[in-house]
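A short write-up of the structure that comes next.
The model shown is predicted, which means the values in this text are computed figures rather than measured ones.
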Amino acid sequence: MRLTILGGGGFRVPLVYGALLGDRAEGRVSQVTLYDEDPARLTAMARVLRDQAAAASAADPTVDAPTVTVTGELDEALRGADFVFSAIRVGGLEGRAADERIALAEGVLGQETVGAGGIAYGLRTVPVAREIARRIARHAPEAWVINFTNPAGLVTEAMAEVLGRHVIGICDSPVGLGRRIARVLGARPQDAWIDYVGLNHLGWVRGLRVGGRDELPRLLADTEALESFEEGRLFGAEWLRSLGAIPNEYLHYYYFNRDTVRAYQEAEQTRGAFLRDQQRGFYAEAARAGAPAGAALAAWDRTRAEREATYMAENREAAGAPEREESDLESGGYEKVALALMRAIARDERATLILNVPNGSTLSVLDSEAVIEVPCLVDANGAHPVGVAPLPLHAVGLVTAVKAVEREILAAAASGSRTDAVKAFALHPLIDSVGVARRLLDGYAAAHPGLAHLR
């Protein structure tokens, strides 16, 4: 099989390639094509993957590493692809840093997927994602698209306008949360059914069943156990018990918004600025000519460790939580989700995964085309959402409000209308003023050439 990675120079590409190195089943991915508009990033990433393949072969000579090709031509990258993995960043990390800075100057959150920053990122990304979807439909009409481009739910919904159910969104946050809960409860994650429901970066674990029994009430009753993992320390046992659920970590931006905004305003630099500066150093080192074998991979490993350790540091500061423990540093494993998804579709190996898919009739408060994040049964025909219990009213309010914002972003990206764009900002629960919404849009339009028509 052939896998094309859009955003092939992106920092997290080695996670996907590393997962492929461990796959030995018949029908595995044998060719990986990296597409990126930045030749220097492509060169650096190709060196990291070369080092990965060499290290895997040295450890086990029977490893058959997928061949890697690179290209800056999108149509060439898509032709003949069986799967397309989309992980692009329109505007780069410089754009993310600007999104954060402009929002914080107005006293609102600028995180890349939540609030003002997420809206600005969506307005930039949706037109590009729609064009990519059209190109996929033209050059690889049978390909399945796995979307990791943020905001993942919004972008998946935009691409589904063209590709239908052949595009599926993935995220590592629900997987990581479920794994941490299972571990605290003494259960193996693969033996647990996670009752998770919501939108991307806006969901709740409402139950965790092992052997048919819901073990979440036992966890909620145990303060020490609750506060032994990342989300418990972020939200606090009292708040989790009042919800009767464990929220996705991104809900900390909603439940503790003022505290988080203050922490971000007081930080030396925003998360986007930190990653921008960090990755500049990494790519320069990884692309350096004459570096010894293994140097690019070693640089990537060091950079990734620092990146994971500092993730959501401002939120932990706002919550008075300590630094991340080693057990929390393991990512949710989106690369493993992507591999399991490809296996299930290509080989009809049925799997249950938490994915971003069209709602159908799963949540009655949303229409059938609204992309939601829920457990799905996956087979050769794609992903099928599993029925879930209705959301409590407090969750209905957040989910429907944020989905309404996403719809305004989709409309604004299609129409180019300033009115639609202002409405997207003004309706978001974390932006409490139409005046602020207008100033935010003016700031983003001035900072990003692609949004200049919205001024």
Leu154 to Gly122 - nearest heavy-atom pair and separation: CD2-CA, 3.8 Å
Keeping Arg47 on the side-chain end and Arg288 on the backbone end, is there a donor-acceptor pair under 3.5 Å? yes
State the CG-CH2 distance between Leu49 and Trp300, to the nearest 0.5 angstrom. 9.5 Å
Please work out whether the ring planes of Phe235 and Tyr255 are parallel, tilted or perpendicular, with thresholds of 30° and 60°. perpendicular
Go through the steps to decide whether Thr362 and Val388 satisfy the test side-chain contact (heavy atoms from CB on, under 4.5 Å), and finish with yes or no. CA-CA 7 Å; Thr362 308; Val388 297; 3.8 Å; yes
Between Arg206 and Asp214, does the salt bridge (charged side-chain N to carboxylate O under 4.0 Å, His left out) criterion hold? Intermediate values first, please. CA-CA 9 Å; Arg206 303 182 299 177; Asp214 186 4; over 6 Å; no
Closest non-hydrogen atom pair between Leu42 and Thr71, with its separation: CD1-O, 3.5 Å
Kindly indicate whether the side chain of Tyr17, heavy atoms from C-beta on, has any atom under 4.5 Å from the side chain of Ile5. no
Give me the atom names and distance for the closest heavy-atom approach of Ala77 to Thr4. O-OG1, 2.7 Å
Residues in ring pair (Phe, Tyr, Trp, His ring centres under 6.0 Å) contact with Phe148, at least two apart in sequence or another chain: Tyr334
Just to verify, what does Thr113 make a side chain to side chain donor-acceptor pair (under 3.5 Å) with, not counting sequence neighbours? Gln111, His201
Hey, are Arg276 and Glu100 close enough for a salt bridge, meaning a charged N less than 4.0 Å from a carboxylate O? no
Just to verify, what does Ala340 make a side chain to side chain contact (heavy atoms under 4.5 Å, CB included) with, not counting sequence neighbours? Leu353
Do the non-hydrogen side-chain atoms of Ile119 and Ile431 ever get within less than 4.5 Å of each other? yes
If you define the side chain from C-beta out and look only at heavy atoms, does anything of Ile372 sit under 4.5 Å from Leu199? yes
Rounded to the nearest 0.5 Å, the CG atom of Asp442 sits from the CG atom of Leu454 at a distance of 9.5 Å
Do the rings of Phe425 and Tyr444 sit parallel, tilted or perpendicular, given the 30° and 60° boundaries? parallel
Over all heavy atoms of both residues, which pair between Ala286 and Ala44 is shortest? Give the atoms and the distance, please. CB-CB, 3.8 Å
Take Arg280 and Asp277 through the test salt bridge (charged side-chain N to carboxylate O under 4.0 Å, His left out) and record every step on the way to the result. CA-CA 5 Å; Arg280 279 176 182 166; Asp277 297 345; 3.8 Å; yes
If you measure from CD on Glu231 to CZ on Arg180, what distance do you get to the nearest 0.5 Å? 4.0 Å
Excluding sequence neighbours, so at least two apart, what forms side chain to side chain donor-acceptor pair (under 3.5 Å) with Glu37? none
Test your reading of the model: is there a side-chain donor-acceptor pair from Gln52 to the backbone of Pro14, 3.5 Å cut-off? yes
Here the salt bridge (charged side-chain N to carboxylate O under 4.0 Å, His left out) pairs for residues 114-128, sequence neighbours left out, are Asp99-Arg124
Separation between OG of Ser173 and CD1 of Ile354, rounded to the nearest 0.5 Å: 10.5 Å
Rounded to the nearest 0.5 Å, what separation is found between the CD1 atom of Ile246 and the CG atom of Leu251? 12.0 Å
Would you indicate whether the side-chain heavy atoms of Gln269 and Arg101 approach each other to under 4.5 Å? no
Ile146 vs Ile168, side-chain contact (heavy atoms from CB on, under 4.5 Å): CA-CA, chis, key distance, verdict: CA-CA 5 Å; Ile146 301 172; Ile168 299 168; 5.6 Å; no
Do Tyr35 and Ile132 come within less than 4.5 Å of each other through their side chains, counting heavy atoms only? no
Would you say the side chains of Arg439 and Ser433 form a donor-acceptor pair under 3.5 Å? no
Among Thr156, Asn248, Asn200, whose side-chain hydrogen bond (donor to acceptor under 3.5 Å, both in side chains) with Glu373 holds? Asn200
Test side-chain contact (heavy atoms from CB on, under 4.5 Å) on Phe11 and Leu275 and set out the steps. CA-CA 10 Å; Phe11 183 79; Leu275 293 175; over 6 Å; no
Can you check whether Glu406 reaches Val371 side chain to side chain, under 4.5 Å on heavy atoms? no
If you apply the rule side-chain contact (heavy atoms from CB on, under 4.5 Å), what do you find for Val108 with Leu430, and how did you get there? CA-CA 7 Å; Val108 298; Leu430 300 183; over 6 Å; no
Is the backbone N or O of Ala143 less than 3.5 Å from a side-chain atom of His166, with the two atoms forming a donor-acceptor pair by type? yes
Does Val205 reach the side chain of Ile194, with side-chain heavy atoms less than 4.5 Å apart? yes
Measuring from atom CZ of Phe85 to atom OG1 of Thr149, what distance do you get when rounded to the nearest 0.5 angstrom? 8.0 Å
Atom of Pro151, atom of Tyr121 and distance for their closest heavy-atom approach: CD-CD2, 4.0 Å
Hey, does the side chain of Asn359 reach the backbone of Asp367 with a donor-acceptor pair shorter than 3.5 angstrom? yes
State, yes or no, whether a side-chain contact exists between Leu220 and Leu240 at a heavy-atom distance under 4.5 Å. yes
Pairwise salt bridge (charged side-chain N to carboxylate O under 4.0 Å, His left out) hits with a residue in residues 155-164, at least two apart: Arg130-Glu161, Glu157-Lys403, Glu157-Arg407
Testing the basics here: between Ala225 and Leu219, what is the closest heavy-atom pair and its distance to 0.1 Å? CB-CD1, 3.8 Å
Run the numbers on Arg209 and Asp195 for salt bridge (charged side-chain N to carboxylate O under 4.0 Å, His left out), then give the verdict. CA-CA 8 Å; Arg209 295 189 174 275; Asp195 176 9; over 6 Å; no
